[in-house]
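The first residue in the sequence is number 1, and the count goes up from there. One-based numbering, in listed order, for ligands and for the atoms of each.
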Amino acid sequence: MSLVGKTIVLGVSGGIAAYKAAELVRLLSKAGATVRVVMTRGACEFITPLTLQTLSGNPVSTDLFDLTQESEIGHIELADSADAVVIAPATANLVGKLAHGLADDLLSTVLLATRAPVVLAPAMNVHMYENAAVQDNLKLVAKRGARIVEPAVGSLACGYEGPGRLPEPAVIVEEVARAVGADDLAGASLVVTAGPNREPLDPVRFVSNRSSGRMGYALARAAWRRGADVTLICGPTALEDPHGVRVLRVDTAGEMHKAVRREVKAASVLLMAAAVADYRPKKVAEQKLKKGTGKLSIELERTVDILADLKKVRGRRVVVGFAAETENVERNAARKLAEKGLDLIVANDVSRDDAGFEVDTNEVTLIDGNGSEAVALASKDEIADRVLDRVVEIRARGGRRKRAAKRA
Ligand code: CTP
């Protein structure tokens, strides 16, 4: 779910990783959130409030008993305004206070007063992190509903190696987005495919297409944010693995077919955003093909149509296809919807510069058995959420086939 228009209260407690809060503020603001920072006295020793105030564009609160801050802001108002409270870094002391209900400064008071989801990103020395008291406190606050972002493993500022590093700010942003997300896909397990395939000609050459994988990655990320368990099966892409998502990389359409057949068994939704290769070279040369003087023809043979093949084993699963078209977009897509037996097809015109392949935006038409809905040009993240809204609707009414059966 998007962070646009959400208010995130970012609590910064006093550890060396406090400097990374600056990047976190920047990323949350860039994602469209209003960021209100609360710093402990210790945090102010590591990074100045002015830095976080400048980056967030909002006053930074530091003191429970500061008359000016209290009269203008008020810890209850701060707690109530939050769509989520995230503490990064969360020190052992802060986690301990939360676990035992202590409220002796502004941040710990806000934490007790808020009804919003709480995300904690602990960061500390490895021995402190592994201390039984800290582990017990973390378990206790997790049991009460706080989301704990596991610390990263690596070399720590104190010179030790191990778990205790603050995770990358981008990871914390994803966890915050999942915390404020609709949760309407909680318990659902989704398989998403993305990207192109590579069909080898010889050890150094292949046949492929222009798909970047961005639409499928956006779907995987958005579904995870909405509470789903997500497996992303992708062809070769240059994109970073989305946080929280299980990523399986494949090359050829044959490999993708095998992976989809295996993974879909445990899934309730399949989103086929991959630009699957329809043809592959009939012969793959064992050695690099040498150039001659004349023309060279490559004979291609059909690959399996993964969606068509799944028709017989799909059961109650919600299946969404994507149609990449350059002409007669809606007509072609509607034909694919029927032929492949889909619940929904997302049609896009890949001949445009601002939609389809290799760009961050898309303009699509969502087509199902009841008609079509145009979705105006938007980021692929926004389009992903629109597609998932439809998936949620289809799931709520028990799938296309169940509805059709009732009508009959
Ligand atoms: N698809 C598939 N297996 C294939 C080809 C496509 O499962 N071998 C899926 C795609 O992932 C997509 C949908 O089918 O969800 C439509 O893909 P598209 O490339 O638009 O259409 P094709 O069926 O390949 O037809 P054409 O190339 O003739 O337009």
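- Looking from atom 10 (C) of ligand 1 to the surrounding protein, the closest heavy atom is Ala274 O, 3.6 Å.
- When each atom of ligand 1 is checked for a heavy atom of Met272 under 4.0 Å away, the hits are 7 (O), 11 (O), 12 (C), 15 (O).
- Every heavy atom of Ala275 sits 4.0 Å or more from the atoms of ligand 1.
- Closest to atom 29 (O) of ligand 1 among all protein heavy atoms lies Lys336 NZ, 2.8 Å.
- Of the polar atoms of Gly321, none of the N or O atoms is found under 3.5 Å from an N or O of ligand 1, judged by distance alone.
- Under 3.5 Å, the side chains of Thr252 and Arg280 contain no donor-acceptor pair of N or O atoms.
- Among all protein heavy atoms, the one lying closest to atom 1 (N) of ligand 1 is Lys340 NZ, 3.7 Å.
- Distances below 4.0 Å separate heavy atoms of Ala323 from the following atoms of ligand 1: 20 (O).
- Contact atoms of ligand 1 toward Thr303: 8 (N) (distance under 4.0 Å to a heavy atom of the residue).
- By the neighbour-count criterion of 12 heavy atoms within 6.0 Å, atom CD of Glu168 is sparsely surrounded, having that number or fewer from other residues, nucleotides or ligands.
- A salt bridge links Asp389 to Arg226: one of the charged nitrogens lies within less than 4.0 Å of a carboxylate oxygen.
- A salt bridge does not link Asp385 to Arg225: none of the charged side-chain nitrogens sits closer than 4.0 Å to a carboxylate oxygen.
- Where the criterion is an N or O separation shorter than 3.5 Å, residue side chain and backbone included, Val320 fails it with respect to ligand 1.
- Look at His257 and you'll find every heavy atom at least 4.0 Å from all atoms of ligand 1.
- With respect to atom 8 (N) of ligand 1, the closest heavy atom belonging to the protein is Val304 O, 3.0 Å.
- For the 3.5 Å distance criterion, the side chains of Arg198 and Ser208 fail to qualify, holding no donor opposite an acceptor.
- The nearest heavy-atom contact from the protein to atom 9 (C) of ligand 1 is Leu307 CD1, 3.6 Å.
- Residues Arg249 and Asp241 are paired through a salt bridge, judged by an N-O separation under 4.0 Å between the basic side chain and the carboxylate.
- For atom 19 (O) of ligand 1, no protein heavy-atom neighbour is found at a distance under 4.0 Å.
- For the pair Ala324 and ligand 1, a heavy-atom separation below 4.0 Å is found.
- The pair Arg395-Asp184 fails the salt-bridge criterion, with no side-chain N (NZ, NE, NH1 or NH2) lying under 4.0 Å from an Asp/Glu carboxylate O.
- The pair Arg26-Glu23 meets the salt-bridge criterion, with a side-chain N (NZ, NE, NH1 or NH2) lying under 4.0 Å from an Asp/Glu carboxylate O.
- Applying the 6.0 Å contact sphere to CZ of Arg302 captures more than 12 heavy atoms from other residues, nucleotides or ligands.
- Contacts with ligand 1 closer than 4.0 Å are made by side-chain heavy atoms of Asp278 only, the backbone lying farther away.
- Distance from atom 3 (N) of ligand 1 to its nearest protein heavy atom, with residue and atom name: Ile306 N, 2.9 Å.
- Crowding of Arg115 atom CZ: a count of heavy atoms from other residues, nucleotides or ligands under 6.0 Å not exceeding 12.
- Scanning the protein heavy atoms around atom 17 (O) of ligand 1, the nearest turns out to be Phe322 O, 3.4 Å.
- No salt bridge links Arg221 with Glu240; every basic N to acidic carboxylate O contact stays at or beyond 4.0 Å.
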